[in-house]
Amino acid sequence: MSRLSVAKTYKIYIGGKFPRTESGRYFPLHDSKDHVIANICRGSRKDFRNAVVAARKAQPGWAGASAYLRGQIIYRIAEMLEGRREQFIAELKQQGSTASAAEKEVDASIDRLIYYAGWSDKYQQVFSAVNPVSSSHFNFSVLEPTGVVGIIAPDDTSLLGLVSNLAPCIVGGNTCVVLASESKPLSAISFAEVLHSSDVPAGVVNILTGYREELTGQFASHMDVNAVVYCDGSRKVATAIQTAAADNIKRVVSRVNTDWGKDAAQDPYLIKQTQEVKTTWHPIGS
Amino acid sequence: MSSASVSRLPGATRLPDLSRVPAVDEVGVNERVARFQSRSIKAKAKIEGLKLTLSMIDLTTLEGQDTPGKVQQLCQKAIHLHDSMPGLPHVAAVCVYPTMVSVAKDALEGHDINIASVATAFPSGMSSLDIKLNDTRIAVDAGANEIDMVISRGAFLAGDYQLVFDEIVAVKEACGDAHLKVILETGELGTLDRVRRASVLAMHAGADFIKTSTGKIHPAATMQVTLTMLQAITDFYYETGRMVGMKPAGGISSAKLALHYLVMLQETLGNAWMTPEWFRFGASSLANDVLMQLKKQETGVYQSPDYFSKD
C-alpha cells in the first residue's frame, strides 16, 4: 500500500518562531507543470511590523556578541546548510532550476557563508583607521552596525541571493527582516529552519514571504528600520523606495544587476554598506 | 500591633462575610477575556480609544534608583507627551515614592495632573501599622492627592481578614482628602476566588480604587484578574450604590492591550466608568506605544521610539 506523502507547510519566520501570517492570506506556488507545490504565506504589513519589533529587540545583544562568536555562528549556518544540501537542491529543482544549476547554487551559498564568517573578526581592522589630525587629539574611526536592516532579497537566485545579502548584514552585528523571493520562496523558508538550528539568536534574522508590490513600501517607510537593501526593480521602484526611506534618512543600498553566482559578488564592502562610521576625538597631551 | 487597637472610623462599614462572596468561574473568565481580545477596533474609534488611554495613564516610576532628576523627567513627559501632535490629552497622574512627591509637586506646578504616591511600606507591606500610617501621612503632607496602598497579603492569606480590613480603614482615615487606591497584589493571591474576596474586602473598607499589582511581582495585571475585579465592582455598586474605580498596573505596555482593557471595561462596567476618574492604567512604558500608534494612524507609517521623548 502506498503511503500518503506528508507535505511541508511553509510558514514565515519571526523572532525565532514559525508563525503563519497574521492576515491568514495565502498564495499558491506552482511548478513548471502548473501543479500546486505549496501554499505560501502572503505576509502583511503587520507581519512586517512584528518582525521589526523582533529584530529591534535582538539587535543590541547581537551587536554586543563578540566578533568571534558571530563568526562561529555564521560558520555553523554553513555547516547546517551543508548537511541539508540534498533538500535544498531538490527544492530549487522543484522551483524550476536544472540539476546542475541547483547544485551550483547550493554549494555557492555554503561557500558564501564561510566567506563572510571569515570576515567577522577582520572587517573592523580593515575599515577602521587612526586619522591624522592637526591638533592634539588621538582621532580614530571604527564601524558600528547600522541597526535593523530590511532586505528585499533577489527574486531570481532565491537561495544564493538571499544568503549573499543576509550574511554581510548580520556578520556586522545588524539584525534584519528579509522579504524572500516572491516567485521562488521555498528555499528562504527552509533556510530559516537552517538558521533556527544554528544558534542564531531569535530575532536576528526574520524572513517573510509575500508580494513585493505590497510590502516594498513598508520596508522603505518604517521609521524603526535603519537601512533598506534591494536587489531588483525598475527605476520607478527605486525612486519609490528612496523617497519613502528619506523620512527617517534610512541608509538605502541598491544591489540591482548583481550576478550573485560570480565570485565578485562577495566583497567585504558589502559588510561596510550596512555599517556606520563612528569617529572619536580623544584629547592627548601636546 | 493587633487589629483590636485600630480605631474604627465613625460610619465605616464592617468587614463583610467573605464566605458569601461568589466563587469565580475561571473557565468562564478565560472565555470572556478571549472574546474581548477578538474585537476589531479601527479608524476613528481606535484613535478615540488611544486618546482615552493616554488620559487614563498613571505615569509611574517606582525604582530604588529613582532620583529627583528622573522624577522631573517623568513629570516633563506627563506635561509634554508629544508636543508635535496638538490636541493630545495629558496623563491622569504621575505615581512616585513618598520621598519623591515634593519633587513631582514642584515639577507639575500649574498643571492639572494628579500626584499619586505609593505608601504603607510598598511594595511588600511588611511593616507595622504605625509605620504604614506615617508613610501615608508623609506622602499626603508632601502634596500627594492619591495614595496607592498595599494590603498585607500575608495576613490575608493567613485568613486574618479583619486585620487587613482594619488597616485599609485606618489608612483611608490617614489619607484625608486624598483618594485611596488599594493594591491587592493579585500575583501573590494565587486564585481568582481570593482576588474577588480581597476586592470585596477592600471596597467595603473604603477603597476609592482597587488596583491589581505593585508591578514588582509577576504575574502583574492580567485581563483575567482585572475582569474578576471589575465584576466585583459591579456587584458592589448594585449592593451599595457607590462607584469604585479600577486600576490595572504592571505589564500593560502595548496600545493594543490597553484597547482590550477598555473594551472589557466598557462591556463590564459601562460608559460611566470610561473616564480617568474611574479607570487608570498604572504603566511606565505604555504612553510611548500609544503615542506611536496615534502617529501611525496620522501618517500611515510605523513609528520608532527614537523619535519620541523617553518615558
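Below, all heavy atoms of this structure are taken into account, side chains as well, without hydrogens, waters or symmetry copies. Letters A, B, ... are given to chains in the order of the sequence lines, protein chains preceding strands, and every chain is numbered from 1. In this text the structure is predicted, and so the values were computed from the model without any measurement.
- Residue A:N257 qualifies as open at atom CG: its count of foreign heavy atoms under 6.0 Å is 12 or below.
- The local environment of NZ in A:K57 is sparse, with at most 12 non-hydrogen atoms from other residues, nucleotides or ligands closer than 6.0 Å.
- The number of heavy-atom neighbours closer than 6.0 Å to NZ of A:K272, taken from other residues, nucleotides and ligands shown, is 12 or below.
- The distance from the OG1 atom of B:T299 to the CG atom of A:D247 is 8.0 Å, given to the nearest 0.5 Å.
- Atom NZ of residue B:K296 and atom NE2 of residue A:H222 lie 9.5 Å apart, to the nearest 0.5 angstrom.
- Atom CG of B:D306 has more than 12 neighbouring heavy atoms from other residues, nucleotides or ligands inside a 6.0 Å radius.
- Heavy atoms only, all atoms of each residue included: B:S304 and A:D224 are closest at OG-OD1, 2.7 Å.
- The line from CE of B:M292 to CE of A:M223 is 11.0 Å long, rounded to the nearest 0.5 Å.
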